[in-house]
Amino acid sequence: MSFADLKKKSGSFDKLQAELEKVNNPVQSFADDRFWKPELDKSGNGYAVIRFLPQPTGEDLPWVRIWSHAFKGPGGWYIENSLTTLNKKDPVSEYNTELWNSGLESDKETARKQKRILKYYSNIYVANDPKHPENEGKIFLFRFGKKIFDKLTEAMSPQFEDETALNPFDFWAGANFKLKVRKVDGFWNYDKSEFESTSQLLDGDDSQLEDVYGKLHSLTDFLKEDNFQSYDELKGKLNRVLTGSGVQGTVEKFTPKPKTETVGTPVAAPASDEVEVTNEDDETLSYFAKLADDD
């Protein structure tokens, strides 16, 4: 700004006042605007049309799978990604296995409450978003659970001979996905969601598709080491959550011993630890909301 312009603007400080308003009345948001999620109407239903997109340049798959844990103990909340995502040992999974093998139903119930949460991440193109039309034509990250992934699996590997397999992530030979959400027993339900007939995204216009391709978000970034605490860090946090104290210890100290009357070799924790929690709505965010309410 020149000196002359500065003099002209003397006495006007609207911009400074606006910035001061931001400082004095900050609006905190922990939402990641790269992500899209459907919004329900007053009746508890939601509808949108999305298109799953291919893997970004240099990546092998159009999705990544993340395991996590979210539960509360005497020492507060434990909300962390699980190292089992990276095929490494994780203290919560080890502890849950010990609980399950104790032979006590109360320990099994605790293990169920602490079981892993499964989420997938993919890039999507939003074709129709009635609640937020400003999202249409944009590329987002989409976090979803096993129920929607099953829909993708069924499309790629149909069960019946009269069904044709399709790659839902293909620009030219994929299909739009009609996302239909209902509230069933208080939980989000996607059973009525379905793929449309095969079609080309954006009518197969290569220039537009290349533009979309260049805007894809990295998926493997979610698997980077800095998104995961180390085994020892997770173990220390688990101890604090389980005991309600800040004293560091070992998980083994709090591990129940198998009942002496148990016959044979204890079996490993069942597949129940490998099933996402029932609520398909964003479980992790709901846990943070509950945590905030308790503070």
Inset, instruction - Check each of W36, Y125, Y120 against F142 using the ring pair (Phe, Tyr, Trp, His ring centres under 6.0 Å) test, and report the only one that passes. - result: W36
Inset, instruction - For the residue pair K131 and Y47, establish whether any side-chain heavy-atom pair is separated by less than 4.5 Å. - result: no
Inset, instruction - Count the heavy atoms of every other residue, nucleotide or ligand shown that sit under 6.0 Å from CD of E210, and state whether that count exceeds 12. - result: no
Inset, instruction - For the residue pair Y190 and V181, establish whether any side-chain heavy-atom pair is separated by less than 4.5 Å. - result: yes
Legend entry - Minimum side-chain heavy-atom gap S82-V92 below 4.5 Å: no
Legend entry - 4.5 Å side-chain heavy-atom contact, L179 and I148: yes
Inset, instruction - Please assess W188 against L40 for the test side-chain contact (heavy atoms from CB on, under 4.5 Å), listing each intermediate value before the final yes or no. - result: CA-CA 10 Å; W188 286 36; L40 305 189; 3.7 Å; yes
Inset, instruction - State, to 0.1 Å, how close P133 and P130 come at their nearest heavy-atom pair, and which atoms those are. - result: CD-O, 3.7 Å
Inset, instruction - Kindly compute the distance separating CE (M156) from CG (D170), expressed to the nearest 0.5 Å. - result: 12.0 Å
Legend entry - Check: E136 side chain, D129 main-chain N or O, donor-acceptor pair, under 3.5 Å: yes
Legend entry - Verdict with reasoning, K237 to E80, per side-chain contact (heavy atoms from CB on, under 4.5 Å): CA-CA 10 Å; K237 183 169 184 178; E80 296 290 345; 2.8 Å; yes
Legend entry - K138 and V126: CA distance, side-chain angles, deciding distance, side-chain contact (heavy atoms from CB on, under 4.5 Å) verdict: CA-CA 6 Å; K138 296 181 181 179; V126 177; 5.7 Å; no
Legend entry - Between S199 and R51, a side-chain donor and acceptor under 3.5 Å: yes
Legend entry - ILVMFWY cluster, Y95 and F71 together (side-chain gap under 4.5 Å): yes
Inset, instruction - Check T198, T153, N176, L152 against P168 for a side chain to side chain contact (heavy atoms under 4.5 Å, CB included) and give me the one that passes. - result: L152
Inset, instruction - Please determine which of N81, T84, I79 meets the side chain to side chain contact (heavy atoms under 4.5 Å, CB included) test together with S68. - result: N81
Legend entry - 4.5 Å side-chain heavy-atom contact, N189 and R182: yes
Inset, instruction - Determine the interplanar angle of the W63 and F169 rings, folded into 0 to 90°, and report it as parallel if under 30°, tilted if 30 to 60°, perpendicular if over 60°. - result: tilted
Legend entry - Any side-chain heavy-atom pair of E194 and K180 under 4.5 Å: yes
Inset, instruction - Flag the pair L209 / L201 as yes when at least one side-chain heavy-atom distance between them is below 4.5 Å, and no otherwise. - result: yes
Inset, instruction - Scan Q114, K113, H69 and name whichever one has a side chain to side chain donor-acceptor pair (under 3.5 Å) with N96. - result: Q114
Legend entry - For T164 against P158, the heavy-atom pair lying closest together: C-CG, 4.1 Å
Inset, instruction - Check whether the side chains of S230 and D232 place a donor and an acceptor atom closer than 3.5 Å, and report yes or no. - result: no
Inset, instruction - Would you check if the distance from the ring center of F52 to the ring center of F144 is below 6.0 Å? - result: yes
Inset, instruction - Is it possible for you to say whether F149 and W67 belong to one hydrophobic cluster, with membership spreading through side-chain heavy-atom contacts below 4.5 Å? - result: yes
Legend entry - Any side-chain heavy-atom pair of E59 and S218 under 4.5 Å: yes
Inset, instruction - Quick one: do K178 and E196 satisfy side-chain contact (heavy atoms from CB on, under 4.5 Å)? Show the steps, please. - result: CA-CA 7 Å; K178 293 189 288 188; E196 297 178 352; 3.5 Å; yes
